[in-house]
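The structure appears below as structure tokens.
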Amino acid sequence: MQPVDREFFRRDSRIVAPELLNKQLTRNGRSGRIVEVEAYAGSEDAGSHAYRGQTERTTVMFGPPGHLYVYFIYGIHWCANAVCGDDGHASAILIRALAPTAGLEDMRRARAKARRDRDLCSGPAKLCQALGITGDDNGCDVIIGDRGIQILDDGTPPPVEPGQGTRIGLSAGVEHPWRWVVTGDSNLSRPV
DNA sequence: ACCGGGATGTTCT
DNA sequence: GAACATCCCGGTG
């Protein structure tokens with residue numbers, strides 16, 4: 001288990017996203033293997049929060065790679081992205097699902113409504129609940145592990161042939177096939 | 001199993 | 001004032 005290098009994230013999110021599969025997202029003993037991601041490609045991408053330029057909300061996305069962009073959605077939920085690309089490029093990867101690997105008791109407590117373990121982290125807002133990620137964590141550095149949040153490499157390579165499809169829940173930019181999954185994993189938010 | 005709708009508040013027009 | 005990178009619950013088959 002070693003932290004992913006910052007240079008790993010200093011590339012376009014569409015390149016990094018499939019490679020992020022099977023890395024571990026961890027926080028203070030709660031961990032999960034990343035099994036579903038979506039790439040957002042900044043100002044070129046009508047589906048990205050950064051499409052209309054930098055705002056207060058999207059400041060972190062425009063910053064250096066290796067940080068967490070956390071946003072609030074539908075009045076209820078938090079979702080987390082890994083910021084990619086060099087400084088000034090609003091490239092990011094939405095982490096959409098984890099296969100829980102450690103700290104299951106804490107996750108079940110944080111997600112009391114989840115009936116089965118496969119419901120703990122099978123969605124972008126569910127996994128934030130399970131790991132206790134909120135707006136307070138916006139901007140934290142996942143390389144050095146601010147606030148206990150890290151992305152680690154446990155030696156498992158990404159899938160040779162990840163499943164690929166269009167992104168979920170968008171009204172603009174729906175045409176781009178920038179969602180990648182570990183095919184067949186039981187923790188996906190939806191099959192491809 | 002699948003589908004429809006409500007929750008709830010920040011962000012941007 | 002509308003839209004929103006979602007989730008959960010309660011209906012019906």
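Note on naming: letters A, B, ... go to the chains in the order of the sequence lines (proteins, then strands), and numbering restarts at 1 for each one.
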Go through A:Tyr71 and A:His49 one step at a time and tell me if the ring-ring contact (aromatic ring centres under 6.0 Å, His included) criterion holds.
-> CA-CA 10 Å; A:Tyr71 68 89; A:His49 291 164; 4.7 Å; yes

Looking for any heavy atom pair under 4.0 Å, which part of the strands does A:Arg115 touch: base, sugar-phosphate only, or nothing?
-> nothing

Could you check which of C:dC7, B:dG9, C:dA5 has an atom nearest any side-chain atom of A:Pro124?
-> C:dC7

Find the distance A:Trp78:CH2 to B:dG9:P and express it as a whole number of Å.
-> 12 Å

For C:dC4, does OP1 or OP2 lie under 4.0 Å from any side-chain N or O of A:Ser171?
-> yes

Any A:Arg52 side-chain nitrogen or oxygen under 4.0 Å from OP1 or OP2 of B:dT11 = no

Just checking A:Arg57: base, sugar-phosphate only, or nothing, at a heavy-atom cut-off of under 4.0 Å?
-> sugar-phosphate

Side-chain N or O of A:Arg190 closer than 4.0 Å to phosphate OP1/OP2 of C:dT6 | no

P spacing across the pair B:dG6 / C:dA2, given as an integer number of angstrom | 16 Å

Given B:dC12, C:dA5, B:dA7, the nucleotide with the shortest approach to the side chain of A:Thr55 | B:dC12

Compute both the distance and the angle, then confirm whether A:Arg11 meets the cation-pi test with A:Phe8: under 6.0 Å from the six-membered ring centre, within 45 degrees of the axis.
-> yes

Would you mind reading off the distance between A:His77 atom NE2 and B:dG9 atom P, rounded to a whole angstrom?
-> 12 Å

Among the nucleotides C:dA5, B:dT8, B:dT10, which one has an atom lying closest to any side-chain atom of A:Leu94?
-> C:dA5

Figure out the CD/C1' separation between A:Gln129 and C:dC8, and round it to whole Å.
-> 10 Å

Closest nucleotide of DNA chain C for A:Arg111 versus for A:Gly169: which of these residues is on the 5' side?
-> A:Gly169

Name the closest nucleotide to the A:Ile76 side chain, picking from C:dT6, B:dG9, B:dA7.
-> B:dA7

Length of the line joining A:Tyr51:OH and B:dC12:P, which is rounded to integer Å = 16 Å

Please test A:Ser189 against A:Glu36 for side-chain hydrogen bond (donor to acceptor under 3.5 Å, both in side chains), starting from the C-alpha separation and ending with a verdict.
-> CA-CA 8 Å; A:Ser189 68; A:Glu36 176 179 345; 2.7 Å; yes

Does NZ or CZ of A:Arg57 lie under 6.0 Å from the centre of the six-membered ring of A:Phe72, at an angle within 45° of the ring axis?
-> no

Below 4.0 Å: OP1/OP2 of B:dT11 and any side-chain N or O of A:His49 | no

Rounded distance in Å - CG (A:Asn81) to C1' (C:dC4) | 14 Å

With the threshold set at 4.0 Å, does a side-chain nitrogen-carboxylate oxygen contact exist between A:Glu38 and A:Arg96?
-> yes

Residue A:Lys113, side-chain atoms from C-beta onward, closest of C:dC7, C:dC8, C:dA5 | C:dC8

Figure out the CD/P separation between A:Glu56 and B:dT13, and round it to whole Å.
-> 14 Å

Base, sugar-phosphate, or nothing: which does A:Gly173 touch, judged by heavy atoms less than 4.0 Å apart?
-> nothing

B:dT8 pairs with, by Watson-Crick or G-U criteria that keep both distances under 3.5 Å = none

Charged N to carboxylate O below 4.0 Å: is that the case for A:Asp117 and A:Arg108?
-> yes

Provide, to the nearest angstrom, the distance between the CD1 atom belonging to A:Ile168 and the C1' atom belonging to C:dC4.
-> 16 Å

Taking the six-membered ring for Trp, does A:Tyr40 stack with C:dA5 (centroid gap under 5.5 Å, planes within less than 30°)?
-> yes

Is A:Tyr74 side chain donor-acceptor paired with the B:dA7 base, going by distance under 3.5 Å alone?
-> no

Between C:dA5, B:dT10, C:dC7, which one does the side chain of A:Tyr71 approach most closely?
-> C:dA5

Could you tell me whether A:Asp154 and A:Lys23 make a salt bridge, using a distance below 4.0 angstrom between a side-chain N and a carboxylate O?
-> no

If pairing means Watson-Crick or G-U wobble with both distances under 3.5 Å, then the partner of C:dA5 is none

Sugar-phosphate only, base, or nothing, as touched by A:Ser189 at under 4.0 Å among non-hydrogen atoms = nothing

